[in-house]
Colleague: 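Before anything else, here's the structure in question.
Lettering of chains follows the sequences in order, A, B, ..., and the numbering in each one begins at 1. All values below were derived from every heavy atom in this structure, side-chain atoms included, with hydrogens, water molecules and symmetry-related copies excluded.
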There are 2 protein chains.
Amino acid sequence: MLKISSLNLNGIRAAHRRGFKDWIAQSNPDIICLQELRAMEHQVPGPIQSLNYHAFYHTAEKKGYSGVGILSREEPISVQDGIGVDWIDQEGRVIMAEYTDLTVFSIYAPSGTTGDARQELKMEFLDVFLPFAHQHLEGDKPVVFCGDFNICHRPIDIHNPKRNKNTSGFLPEERKWVSLLLDTGFEDVYRRLHEGEPDLYSWWSYRAASKERNKGWRIDYHMTSPELLDAAEEAVIEKDWDLSDHAPVTISYNLG
Amino acid sequence: MLKISSLNLNGIRAAHRRGFKDWIAQSNPDIICLQELRAMEHQVPGPIQSLNYHAFYHTAEKKGYSGVGILSREEPISVQDGIGVDWIDQEGRVIMAEYTDLTVFSIYAPSGTTGDARQELKMEFLDVFLPFAHQHLEGDKPVVFCGDFNICHRPIDIHNPKRNKNTSGFLPEERKWVSLLLDTGFEDVYRRLHEGEPDLYSWWSYRAASKERNKGWRIDYHMTSPELLDAAEEAVIEKDWDLSDHAPVTISYNLG
DNA sequence: CGTGGGAGG
DNA sequence: CCTCACACG
(Lines give C-alpha, C1' and ligand atoms only; values in the text may rest on other atoms or scores of the structure.)
Protein backbone atom coordinates (compact mmCIF):
# COMPACT_ATOMS: atom_id res chain seq x y z
CA MET A 1 0.00 0.00 0.00
CA LEU A 2 1.21 3.44 -0.92
CA LYS A 3 -0.27 6.30 1.06
CA ILE A 4 -0.13 9.68 -0.64
CA SER A 5 -1.22 12.95 0.99
CA SER A 6 -1.77 16.34 -0.55
CA LEU A 7 -1.71 19.39 1.70
CA ASN A 8 -1.73 23.11 1.20
CA LEU A 9 0.25 24.30 4.22
CA ASN A 10 -0.42 28.05 4.07
CA GLY A 11 3.15 28.53 5.28
CA ILE A 12 5.31 25.59 6.25
CA ARG A 13 6.54 27.49 9.31
CA ALA A 14 2.99 28.15 10.50
CA ALA A 15 2.00 24.55 9.77
CA HIS A 16 5.00 23.39 11.76
CA ARG A 17 3.78 25.40 14.76
CA ARG A 18 0.35 23.87 14.29
CA GLY A 19 1.61 20.29 14.46
CA PHE A 20 2.67 19.28 10.95
CA LYS A 21 5.21 16.83 12.40
CA ASP A 22 2.61 15.27 14.69
CA TRP A 23 0.33 14.74 11.74
CA ILE A 24 3.11 13.07 9.77
CA ALA A 25 3.95 10.82 12.72
CA GLN A 26 0.33 9.79 13.06
CA SER A 27 -0.83 9.62 9.46
CA ASN A 28 2.53 8.39 8.20
CA PRO A 29 2.13 8.90 4.44
CA ASP A 30 4.69 7.46 2.05
CA ILE A 31 4.53 10.54 -0.12
CA ILE A 32 3.43 14.06 0.84
CA CYS A 33 2.67 16.68 -1.79
CA LEU A 34 2.92 20.14 -0.33
CA GLN A 35 1.65 23.47 -1.58
CA GLU A 36 2.03 27.04 -0.34
CA LEU A 37 5.29 26.57 1.49
CA ARG A 38 5.62 30.37 1.76
CA ALA A 39 9.28 29.88 2.58
CA MET A 40 12.64 29.43 0.94
CA GLU A 41 14.23 26.04 1.38
CA HIS A 42 16.62 27.31 4.07
CA GLN A 43 13.63 28.65 6.03
CA VAL A 44 12.00 25.23 6.36
CA PRO A 45 12.04 24.46 10.11
CA GLY A 46 14.89 22.19 11.14
CA PRO A 47 12.65 19.51 12.66
CA ILE A 48 10.95 19.12 9.27
CA GLN A 49 14.27 18.92 7.49
CA SER A 50 15.30 16.20 9.92
CA LEU A 51 12.33 13.97 9.13
CA ASN A 52 13.03 10.60 7.66
CA TYR A 53 11.83 11.73 4.23
CA HIS A 54 13.57 12.71 1.04
CA ALA A 55 12.52 16.30 0.47
CA PHE A 56 12.36 18.37 -2.70
CA TYR A 57 11.13 21.91 -2.97
CA HIS A 58 10.38 24.27 -5.80
CA THR A 59 10.04 27.68 -4.22
CA ALA A 60 8.88 31.00 -5.61
CA GLU A 61 11.29 33.81 -6.32
CA LYS A 62 9.13 36.13 -4.23
CA LYS A 63 9.79 35.62 -0.53
CA GLY A 64 7.00 34.24 1.61
CA TYR A 65 4.95 33.34 -1.46
CA SER A 66 3.65 30.10 -2.99
CA GLY A 67 6.10 27.21 -3.41
CA VAL A 68 5.53 23.46 -3.70
CA GLY A 69 7.34 20.39 -2.48
CA ILE A 70 7.33 16.62 -2.30
CA LEU A 71 8.41 14.52 0.68
CA SER A 72 8.82 10.79 0.21
CA ARG A 73 10.17 7.85 2.14
CA GLU A 74 11.49 6.34 -1.07
CA GLU A 75 14.14 8.22 -2.99
CA PRO A 76 12.84 9.36 -6.36
CA ILE A 77 14.58 8.36 -9.58
CA SER A 78 14.34 11.93 -10.77
CA VAL A 79 12.86 15.26 -9.74
CA GLN A 80 11.81 18.09 -11.99
CA ASP A 81 10.81 21.63 -11.14
CA GLY A 82 8.37 23.71 -13.09
CA ILE A 83 6.24 23.43 -16.19
CA GLY A 84 8.33 25.36 -18.70
CA VAL A 85 6.62 28.73 -18.53
CA ASP A 86 8.71 31.44 -16.91
CA TRP A 87 6.13 33.27 -14.82
CA ILE A 88 4.68 30.01 -13.52
CA ASP A 89 8.05 28.54 -12.66
CA GLN A 90 9.09 31.76 -10.93
CA GLU A 91 6.04 31.30 -8.72
CA GLY A 92 6.96 27.73 -7.70
CA ARG A 93 3.74 25.96 -8.66
CA VAL A 94 4.79 22.59 -10.10
CA ILE A 95 7.18 19.89 -8.96
CA MET A 96 7.49 16.28 -10.13
CA ALA A 97 9.08 13.26 -8.51
CA GLU A 98 9.42 10.07 -10.50
CA TYR A 99 9.56 6.74 -8.66
CA THR A 100 9.92 3.18 -9.87
CA ASP A 101 6.20 2.54 -9.92
CA LEU A 102 4.64 5.93 -10.49
CA THR A 103 5.15 9.62 -11.09
CA VAL A 104 3.89 12.19 -8.59
CA PHE A 105 3.27 15.90 -9.03
CA SER A 106 2.57 18.58 -6.49
CA ILE A 107 0.53 21.35 -8.08
CA TYR A 108 -0.52 24.76 -6.80
CA ALA A 109 -2.77 26.61 -9.21
CA PRO A 110 -2.91 30.40 -8.85
CA SER A 111 -5.76 31.97 -6.94
CA GLY A 112 -7.93 34.36 -8.89
CA THR A 113 -9.57 35.96 -5.90
CA THR A 114 -7.38 39.05 -5.83
CA GLY A 115 -8.55 40.48 -9.14
CA ASP A 116 -8.97 40.17 -12.89
CA ALA A 117 -5.27 40.16 -13.67
CA ARG A 118 -4.64 37.17 -11.43
CA GLN A 119 -7.79 35.43 -12.72
CA GLU A 120 -6.44 35.72 -16.26
CA LEU A 121 -3.14 34.24 -15.16
CA LYS A 122 -4.99 31.44 -13.41
CA MET A 123 -6.74 30.58 -16.68
CA GLU A 124 -3.39 30.77 -18.47
CA PHE A 125 -1.95 28.35 -15.91
CA LEU A 126 -4.84 25.97 -16.54
CA ASP A 127 -4.33 26.25 -20.32
CA VAL A 128 -0.66 25.40 -19.95
CA PHE A 129 -1.32 22.66 -17.41
CA LEU A 130 -3.75 20.66 -19.56
CA PRO A 131 -1.34 19.57 -22.35
CA PHE A 132 1.42 19.19 -19.74
CA ALA A 133 -0.75 16.78 -17.78
CA HIS A 134 -1.79 14.84 -20.87
CA GLN A 135 1.77 14.46 -21.98
CA HIS A 136 2.54 12.76 -18.65
CA LEU A 137 -0.67 10.74 -18.78
CA GLU A 138 0.59 9.18 -21.99
CA GLY A 139 3.77 7.98 -20.34
CA ASP A 140 3.94 4.32 -19.37
CA LYS A 141 3.79 4.88 -15.63
CA PRO A 142 0.81 5.67 -13.42
CA VAL A 143 0.73 9.37 -12.64
CA VAL A 144 -0.94 11.44 -9.95
CA PHE A 145 -1.28 15.22 -9.90
CA CYS A 146 -1.88 16.12 -6.29
CA GLY A 147 -2.57 19.63 -5.27
CA ASP A 148 -4.58 22.73 -4.74
CA PHE A 149 -6.25 23.48 -8.07
CA ASN A 150 -8.16 26.41 -6.56
CA ILE A 151 -11.31 25.15 -8.27
CA CYS A 152 -14.43 23.44 -6.98
CA HIS A 153 -15.74 21.11 -9.63
CA ARG A 154 -19.41 20.65 -8.90
CA PRO A 155 -22.14 22.08 -6.66
CA ILE A 156 -21.67 19.13 -4.32
CA ASP A 157 -18.08 20.28 -3.77
CA ILE A 158 -18.97 23.66 -2.29
CA HIS A 159 -21.15 24.66 0.63
CA ASN A 160 -23.01 27.41 -1.20
CA PRO A 161 -23.01 26.86 -4.95
CA LYS A 162 -25.62 29.49 -5.71
CA ARG A 163 -23.97 32.32 -3.87
CA ASN A 164 -20.56 31.45 -5.32
CA LYS A 165 -21.46 30.98 -8.97
CA ASN A 166 -19.66 34.19 -9.86
CA THR A 167 -16.80 33.70 -7.43
CA SER A 168 -13.32 32.84 -8.64
CA GLY A 169 -12.81 29.16 -7.91
CA PHE A 170 -16.35 28.23 -8.90
CA LEU A 171 -16.72 30.06 -12.22
CA PRO A 172 -18.33 28.12 -15.11
CA GLU A 173 -15.12 28.22 -17.18
CA GLU A 174 -13.11 26.88 -14.25
CA ARG A 175 -15.58 24.09 -13.55
CA LYS A 176 -15.63 23.21 -17.27
CA TRP A 177 -11.87 22.97 -17.20
CA VAL A 178 -12.05 20.34 -14.45
CA SER A 179 -14.72 18.48 -16.42
CA LEU A 180 -12.45 18.55 -19.45
CA LEU A 181 -9.59 17.15 -17.40
CA LEU A 182 -11.83 14.34 -16.18
CA ASP A 183 -13.27 13.72 -19.66
CA THR A 184 -9.80 13.32 -21.14
CA GLY A 185 -8.37 10.58 -19.00
CA PHE A 186 -7.97 11.82 -15.45
CA GLU A 187 -9.78 10.60 -12.36
CA ASP A 188 -10.78 12.68 -9.35
CA VAL A 189 -10.08 9.75 -7.05
CA TYR A 190 -11.40 11.24 -3.84
CA ARG A 191 -14.79 11.93 -5.42
CA ARG A 192 -14.86 8.57 -7.21
CA LEU A 193 -14.53 6.90 -3.82
CA HIS A 194 -17.19 9.18 -2.31
CA GLU A 195 -19.72 9.53 -5.14
CA GLY A 196 -22.75 11.57 -4.20
CA GLU A 197 -21.60 12.26 -0.65
CA PRO A 198 -22.17 15.89 0.25
CA ASP A 199 -20.34 18.18 2.69
CA LEU A 200 -16.86 16.88 1.89
CA TYR A 201 -14.46 19.79 1.70
CA SER A 202 -10.73 20.35 1.81
CA TRP A 203 -10.57 24.11 2.46
CA TRP A 204 -12.38 26.43 4.84
CA SER A 205 -11.90 30.19 5.00
CA TYR A 206 -10.29 31.34 8.22
CA ARG A 207 -13.07 33.92 8.43
CA ALA A 208 -16.43 33.46 10.10
CA ALA A 209 -15.61 30.17 11.84
CA SER A 210 -16.14 28.44 8.50
CA LYS A 211 -14.55 25.17 9.48
CA GLU A 212 -16.54 24.51 12.62
CA ARG A 213 -19.69 25.14 10.58
CA ASN A 214 -18.23 23.09 7.69
CA LYS A 215 -18.74 25.88 5.20
CA GLY A 216 -15.97 24.76 2.90
CA TRP A 217 -14.81 24.06 -0.62
CA ARG A 218 -13.23 20.96 -2.11
CA ILE A 219 -10.38 22.39 -4.13
CA ASP A 220 -7.57 19.92 -3.34
CA TYR A 221 -7.41 16.85 -5.56
CA HIS A 222 -5.64 13.71 -6.55
CA MET A 223 -6.00 13.77 -10.34
CA THR A 224 -4.74 10.40 -11.54
CA SER A 225 -4.31 8.14 -14.51
CA PRO A 226 -7.01 5.41 -14.63
CA GLU A 227 -4.96 2.60 -13.12
CA LEU A 228 -4.58 4.61 -9.92
CA LEU A 229 -8.34 4.84 -9.54
CA ASP A 230 -8.41 1.06 -9.67
CA ALA A 231 -5.61 0.95 -7.11
CA ALA A 232 -7.24 3.40 -4.71
CA GLU A 233 -8.61 1.69 -1.60
CA GLU A 234 -9.29 4.50 0.83
CA ALA A 235 -9.58 8.25 0.45
CA VAL A 236 -9.90 10.57 3.43
CA ILE A 237 -9.83 14.26 4.11
CA GLU A 238 -8.11 14.59 7.47
CA LYS A 239 -10.10 17.53 8.73
CA ASP A 240 -9.51 16.87 12.41
CA TRP A 241 -6.06 18.37 12.06
CA ASP A 242 -5.69 22.15 12.06
CA LEU A 243 -2.49 22.45 10.12
CA SER A 244 -3.64 25.28 7.88
CA ASP A 245 -6.86 26.46 6.24
CA HIS A 246 -6.70 23.27 4.15
CA ALA A 247 -6.94 19.65 5.31
CA PRO A 248 -4.71 16.85 4.03
CA VAL A 249 -6.32 14.78 1.27
CA THR A 250 -4.93 11.30 1.79
CA ILE A 251 -5.41 8.30 -0.46
CA SER A 252 -4.05 4.78 -0.11
CA TYR A 253 -3.19 3.08 -3.37
CA ASN A 254 -2.67 -0.64 -3.75
CA LEU A 255 -0.11 -0.90 -6.52
CA GLY A 256 -0.15 -4.67 -6.29
CA MET B 1 -1.93 64.22 46.02
CA LEU B 2 -1.63 64.18 42.28
CA LYS B 3 -0.33 60.96 40.75
CA ILE B 4 1.22 61.32 37.31
CA SER B 5 2.43 58.41 35.19
CA SER B 6 4.51 58.39 32.05
CA LEU B 7 4.42 55.35 29.81
CA ASN B 8 5.72 54.45 26.39
CA LEU B 9 3.12 51.95 25.20
CA ASN B 10 4.85 50.57 22.10
CA GLY B 11 1.40 50.40 20.52
CA ILE B 12 -1.72 51.22 22.46
CA ARG B 13 -3.47 48.19 20.94
CA ALA B 14 -0.71 45.85 22.04
CA ALA B 15 -0.59 47.47 25.49
CA HIS B 16 -4.34 47.01 25.76
CA ARG B 17 -3.93 43.28 25.12
CA ARG B 18 -1.21 43.22 27.76
CA GLY B 19 -3.39 44.70 30.47
CA PHE B 20 -3.18 48.49 30.18
CA LYS B 21 -6.67 48.83 31.67
CA ASP B 22 -5.82 46.58 34.60
CA TRP B 23 -2.77 48.69 35.33
CA ILE B 24 -4.87 51.87 35.28
CA ALA B 25 -7.44 50.31 37.59
CA GLN B 26 -4.76 49.29 40.04
CA SER B 27 -2.32 52.19 39.86
CA ASN B 28 -5.07 54.75 39.34
CA PRO B 29 -3.03 57.78 38.22
CA ASP B 30 -4.70 61.17 37.96
CA ILE B 31 -2.78 61.95 34.80
CA ILE B 32 -1.22 59.54 32.32
CA CYS B 33 1.28 60.72 29.71
CA LEU B 34 1.46 58.26 26.84
CA GLN B 35 4.04 57.82 24.11
CA GLU B 36 4.22 55.58 21.05
CA LEU B 37 0.52 55.08 20.56
CA ARG B 38 1.22 53.61 17.11
CA ALA B 39 -2.41 54.14 16.26
CA MET B 40 -4.80 56.77 14.98
CA GLU B 41 -7.33 58.07 17.44
CA HIS B 42 -10.13 55.94 15.94
CA GLN B 43 -7.95 52.84 16.38
CA VAL B 44 -7.67 53.27 20.15
CA PRO B 45 -9.45 50.22 21.63
CA GLY B 46 -13.02 50.97 22.76
CA PRO B 47 -12.46 49.90 26.36
CA ILE B 48 -9.71 52.52 26.65
CA GLN B 49 -11.91 55.16 25.10
CA SER B 50 -14.57 54.29 27.66
CA LEU B 51 -12.34 54.88 30.67
CA ASN B 52 -13.30 57.60 33.06
CA TYR B 53 -10.54 59.89 31.77
CA HIS B 54 -10.45 62.88 29.51
CA ALA B 55 -8.29 61.80 26.60
CA PHE B 56 -6.25 63.82 24.14
CA TYR B 57 -4.06 62.45 21.42
CA HIS B 58 -1.57 63.89 18.99
CA THR B 59 -0.95 61.20 16.44
CA ALA B 60 1.59 60.89 13.64
CA GLU B 61 0.61 61.25 10.02
CA LYS B 62 2.30 57.94 9.28
CA LYS B 63 0.08 55.03 10.25
CA GLY B 64 1.19 52.79 13.10
CA TYR B 65 3.98 55.21 14.04
CA SER B 66 4.80 57.33 17.10
CA GLY B 67 2.00 59.45 18.60
CA VAL B 68 1.53 60.86 22.10
CA GLY B 69 -1.42 61.42 24.39
CA ILE B 70 -2.57 62.58 27.78
CA LEU B 71 -5.33 61.01 29.87
CA SER B 72 -6.58 62.88 32.93
CA ARG B 73 -9.37 62.60 35.43
CA GLU B 74 -9.64 66.38 35.56
CA GLU B 75 -10.59 68.20 32.40
CA PRO B 76 -7.77 70.41 31.17
CA ILE B 77 -8.24 74.13 30.67
CA SER B 78 -6.52 73.84 27.33
CA VAL B 79 -4.71 71.32 25.17
CA GLN B 80 -2.07 72.00 22.59
CA ASP B 81 -0.53 69.70 20.01
CA GLY B 82 2.99 69.96 18.71
CA ILE B 83 6.01 72.15 19.13
CA GLY B 84 5.79 74.33 16.03
CA VAL B 85 8.17 72.48 13.73
CA ASP B 86 6.48 70.71 10.85
CA TRP B 87 8.38 67.44 10.71
CA ILE B 88 8.16 67.00 14.48
CA ASP B 89 4.48 67.78 14.64
CA GLN B 90 3.79 65.41 11.72
CA GLU B 91 5.40 62.70 13.83
CA GLY B 92 3.16 63.32 16.87
CA ARG B 93 5.84 63.84 19.51
CA VAL B 94 4.53 66.62 21.78
CA ILE B 95 1.23 67.29 23.48
CA MET B 96 0.39 69.68 26.30
CA ALA B 97 -2.53 69.80 28.73
CA GLU B 98 -2.92 72.79 31.00
CA TYR B 99 -4.75 72.38 34.31
CA THR B 100 -5.60 74.83 37.08
CA ASP B 101 -2.52 73.97 39.11
CA LEU B 102 0.04 72.80 36.59
CA THR B 103 0.90 72.18 32.98
CA VAL B 104 1.71 68.69 31.75
CA PHE B 105 3.49 67.59 28.58
CA SER B 106 3.84 64.18 27.04
CA ILE B 107 7.04 64.00 25.02
CA TYR B 108 8.41 61.33 22.70
CA ALA B 109 11.88 62.14 21.43
CA PRO B 110 12.96 60.44 18.18
CA SER B 111 15.08 57.35 18.34
CA GLY B 112 18.46 57.58 16.66
CA THR B 113 19.13 53.87 16.57
CA THR B 114 18.12 53.39 12.96
CA GLY B 115 20.90 55.44 11.44
CA ASP B 116 22.69 58.76 11.06
CA ALA B 117 19.81 60.57 9.40
CA ARG B 118 17.48 59.84 12.31
CA GLN B 119 20.20 60.63 14.83
CA GLU B 120 20.57 64.08 13.25
CA LEU B 121 16.84 64.61 13.47
CA LYS B 122 16.91 63.50 17.09
CA MET B 123 19.51 66.18 17.84
CA GLU B 124 17.40 68.70 15.93
CA PHE B 125 14.41 67.72 18.09
CA LEU B 126 16.48 68.25 21.21
CA ASP B 127 17.66 71.63 19.93
CA VAL B 128 14.10 72.72 19.30
CA PHE B 129 12.84 71.25 22.55
CA LEU B 130 15.24 73.13 24.84
CA PRO B 131 13.98 76.71 24.24
CA PHE B 132 10.41 75.38 24.04
CA ALA B 133 10.79 73.82 27.48
CA HIS B 134 12.41 76.93 28.95
CA GLN B 135 9.66 79.11 27.62
CA HIS B 136 7.14 77.01 29.55
CA LEU B 137 9.41 76.87 32.61
CA GLU B 138 9.18 80.64 32.79
CA GLY B 139 5.39 80.56 32.94
CA ASP B 140 3.80 81.04 36.33
CA LYS B 141 2.56 77.48 36.73
CA PRO B 142 4.47 74.36 37.69
CA VAL B 143 5.28 72.33 34.62
CA VAL B 144 6.22 68.72 34.04
CA PHE B 145 7.59 67.23 30.83
CA CYS B 146 6.90 63.53 31.04
CA GLY B 147 8.09 61.17 28.44
CA ASP B 148 10.50 59.00 26.58
CA PHE B 149 13.53 61.19 25.86
CA ASN B 150 15.40 58.25 24.35
CA ILE B 151 18.48 59.27 26.35
CA CYS B 152 20.15 57.80 29.40
CA HIS B 153 21.69 60.56 31.42
CA ARG B 154 24.45 58.97 33.45
CA PRO B 155 26.32 55.67 33.76
CA ILE B 156 24.09 54.77 36.72
CA ASP B 157 21.09 54.95 34.38
CA ILE B 158 22.24 52.20 32.04
CA HIS B 159 23.23 48.59 32.68
CA ASN B 160 26.37 48.68 30.57
CA PRO B 161 27.75 52.22 30.26
CA LYS B 162 31.08 51.18 28.78
CA ARG B 163 29.72 49.05 26.01
CA ASN B 164 27.11 51.66 25.11
CA LYS B 165 29.25 54.79 25.10
CA ASN B 166 28.98 55.00 21.31
CA THR B 167 25.36 53.85 21.14
CA SER B 168 22.59 56.27 20.23
CA GLY B 169 20.79 57.10 23.47
CA PHE B 170 23.99 57.23 25.48
CA LEU B 171 26.18 59.41 23.28
CA PRO B 172 28.20 62.18 25.00
CA GLU B 173 26.31 64.93 23.17
CA GLU B 174 22.97 63.43 24.20
CA ARG B 175 24.02 63.05 27.82
CA LYS B 176 25.31 66.63 27.82
CA TRP B 177 21.96 67.78 26.55
CA VAL B 178 20.24 66.22 29.56
CA SER B 179 22.83 67.82 31.85
CA LEU B 180 22.12 71.16 30.23
CA LEU B 181 18.40 70.70 30.77
CA LEU B 182 19.03 69.94 34.43
CA ASP B 183 21.52 72.81 34.80
CA THR B 184 19.02 75.30 33.45
CA GLY B 185 16.11 74.81 35.78
CA PHE B 186 14.67 71.34 35.29
CA GLU B 187 14.62 68.49 37.78
CA ASP B 188 14.85 64.79 37.00
CA VAL B 189 12.46 64.00 39.82
CA TYR B 190 12.74 60.23 39.74
CA ARG B 191 16.51 60.36 40.11
CA ARG B 192 16.33 63.10 42.74
CA LEU B 193 14.19 60.79 44.86
CA HIS B 194 16.53 57.87 44.22
CA GLU B 195 19.98 59.50 44.29
CA GLY B 196 22.79 57.03 43.89
CA GLU B 197 20.55 53.97 43.60
CA PRO B 198 21.72 51.71 40.80
CA ASP B 199 19.80 49.30 38.56
CA LEU B 200 16.75 51.49 38.14
CA TYR B 201 15.58 51.37 34.55
CA SER B 202 12.46 52.20 32.59
CA TRP B 203 13.14 50.34 29.35
CA TRP B 204 14.42 46.87 28.51
CA SER B 205 15.02 45.54 25.03
CA TYR B 206 12.67 42.75 24.06
CA ARG B 207 15.73 40.81 22.97
CA ALA B 208 17.79 38.46 25.09
CA ALA B 209 15.44 38.36 28.07
CA SER B 210 16.76 41.79 29.06
CA LYS B 211 14.03 42.56 31.54
CA GLU B 212 14.29 39.42 33.64
CA ARG B 213 18.02 40.05 33.87
CA ASN B 214 17.35 43.77 34.46
CA LYS B 215 19.62 44.84 31.63
CA GLY B 216 17.83 48.11 31.03
CA TRP B 217 18.08 51.82 30.39
CA ARG B 218 16.40 54.72 32.20
CA ILE B 219 15.17 56.86 29.33
CA ASP B 220 11.71 57.87 30.57
CA TYR B 221 11.59 60.96 32.76
CA HIS B 222 9.54 63.49 34.63
CA MET B 223 11.44 66.72 33.89
CA THR B 224 9.87 69.36 36.13
CA SER B 225 10.07 72.91 37.31
CA PRO B 226 11.66 73.18 40.80
CA GLU B 227 8.43 73.44 42.82
CA LEU B 228 7.39 70.01 41.58
CA LEU B 229 10.55 68.46 42.96
CA ASP B 230 9.57 69.88 46.32
CA ALA B 231 6.09 68.50 45.88
CA ALA B 232 7.22 65.01 44.87
CA GLU B 233 6.65 62.45 47.60
CA GLU B 234 7.05 59.12 45.92
CA ALA B 235 8.54 58.05 42.61
CA VAL B 236 8.27 54.47 41.33
CA ILE B 237 8.98 52.60 38.15
CA GLU B 238 6.22 50.01 37.91
CA LYS B 239 8.29 47.27 36.36
CA ASP B 240 6.08 44.41 37.54
CA TRP B 241 3.67 45.22 34.74
CA ASP B 242 4.45 44.01 31.24
CA LEU B 243 2.55 46.57 29.25
CA SER B 244 5.28 47.20 26.70
CA ASP B 245 9.07 47.26 26.58
CA HIS B 246 8.86 50.30 28.90
CA ALA B 247 7.54 50.48 32.45
CA PRO B 248 5.33 53.28 33.78
CA VAL B 249 7.26 55.99 35.66
CA THR B 250 4.84 57.15 38.32
CA ILE B 251 5.31 60.06 40.69
CA SER B 252 2.97 61.41 43.35
CA TYR B 253 3.07 65.16 43.81
CA ASN B 254 1.71 66.98 46.84
CA LEU B 255 0.56 70.28 45.44
CA GLY B 256 -0.55 71.42 48.87
C1' DC C 1 -8.74 35.67 9.64
C1' DG C 2 -4.22 34.33 9.11
C1' DT C 3 0.80 34.10 7.13
C1' DG C 4 4.83 36.23 5.89
C1' DG C 5 7.57 40.32 4.75
C1' DG C 6 9.49 44.78 5.98
C1' DA C 7 10.02 49.19 8.61
C1' DG C 8 10.73 50.87 12.87
C1' DG C 9 11.91 50.47 17.58
C1' DC D 1 12.26 40.49 20.15
C1' DC D 2 8.07 42.91 19.29
C1' DT D 3 4.44 46.09 16.94
C1' DC D 4 2.25 47.66 13.04
C1' DA D 5 1.09 48.16 7.90
C1' DC D 6 0.79 45.80 3.77
C1' DA D 7 0.28 42.04 0.18
C1' DC D 8 -1.85 37.91 -0.57
C1' DG D 9 -5.01 34.46 0.08
Colleague: Between A/Glu212 (CD) and C/dC1 (C1'), how many Å, whole number?
Modeller: 13 Å

Colleague: Could you give the CZ-to-P distance, from A/Arg17 to C/dC1, as a whole number of Å?
Modeller: 18 Å

Colleague: Just the rounded figure in Å: distance from P of D/dC2 to CG of B/Leu37.
Modeller: 21 Å

Colleague: Quick one: do A/Asp220 and A/Gln35 satisfy side chain to side chain contact (heavy atoms under 4.5 Å, CB included)? Show the steps, please.
Modeller: CA-CA 10 Å; A/Asp220 301 275; A/Gln35 302 90 38; 4.3 Å; yes

Colleague: Any donor and acceptor pair, going by atom type alone, linking the side chain of A/Lys211 with main-chain N or O of A/Lys239 inside 3.5 Å?
Modeller: yes

Colleague: Any side-chain N or O of B/Arg18 under 4.0 Å from OP1/OP2 of D/dC2?
Modeller: no

Colleague: Please report, rounded to the nearest Å, how far the P atom of C/dG9 is from the CD atom of B/Gln35.
Modeller: 15 Å

Colleague: Would you kindly check if the NZ (Lys) or CZ (Arg) of B/Lys62 is within the cone defined by 45 degrees around the ring axis of B/Tyr65 and under 6.0 Å from the six-membered ring centre?
Modeller: yes

Colleague: To the nearest Å, how far apart are A/Asn10 CG and C/dG4 P?
Modeller: 7 Å

Colleague: C/dG2 C1' sits how many Å from A/Asn8 CG, rounded?
Modeller: 13 Å

Colleague: Find every protein N or O atom lying less than 3.5 Å from an N or O atom of nucleotides 6-9 of chain D, and list the pairs.
Modeller:
residue, atom, partner, partner atom, Å
D/dC8, OP1, A/Lys62, NZ, 3.3
D/dG9, OP1, A/Tyr65, OH, 2.8
D/dG9, OP2, A/Thr114, OG1, 3.1
D/dG9, N1, A/Arg207, NH2, 3.4

Colleague: Can you tell me the distance, in whole Å, between the CG atom of A/Asp242 and the P atom of C/dG2?
Modeller: 10 Å

Colleague: Among residues at least two apart in sequence or on other chains, which ones pass side chain to side chain contact (heavy atoms under 4.5 Å, CB included) with B/Glu41?
Modeller: B/Tyr57

Colleague: Which part of the nucleic acid, if any, lies within reach of B/Gln43 when heavy atoms closer than 4.0 Å are counted: base, sugar-phosphate only, or nothing?
Modeller: sugar-phosphate

Colleague: Would you please test A/Tyr53 and A/Ile32 for side chain to side chain contact (heavy atoms under 4.5 Å, CB included) and show each step?
Modeller: CA-CA 9 Å; A/Tyr53 281 87; A/Ile32 308 173; 4.1 Å; yes

Colleague: For the pair made of CE in B/Met40 and C1' in D/dC4, what is the distance, rounded to whole Å?
Modeller: 11 Å

Colleague: Return the set of residues passing ring-ring contact (aromatic ring centres under 6.0 Å, His included) with B/Tyr201 (not counting sequence neighbours), or none when no residue passes.
Modeller: none

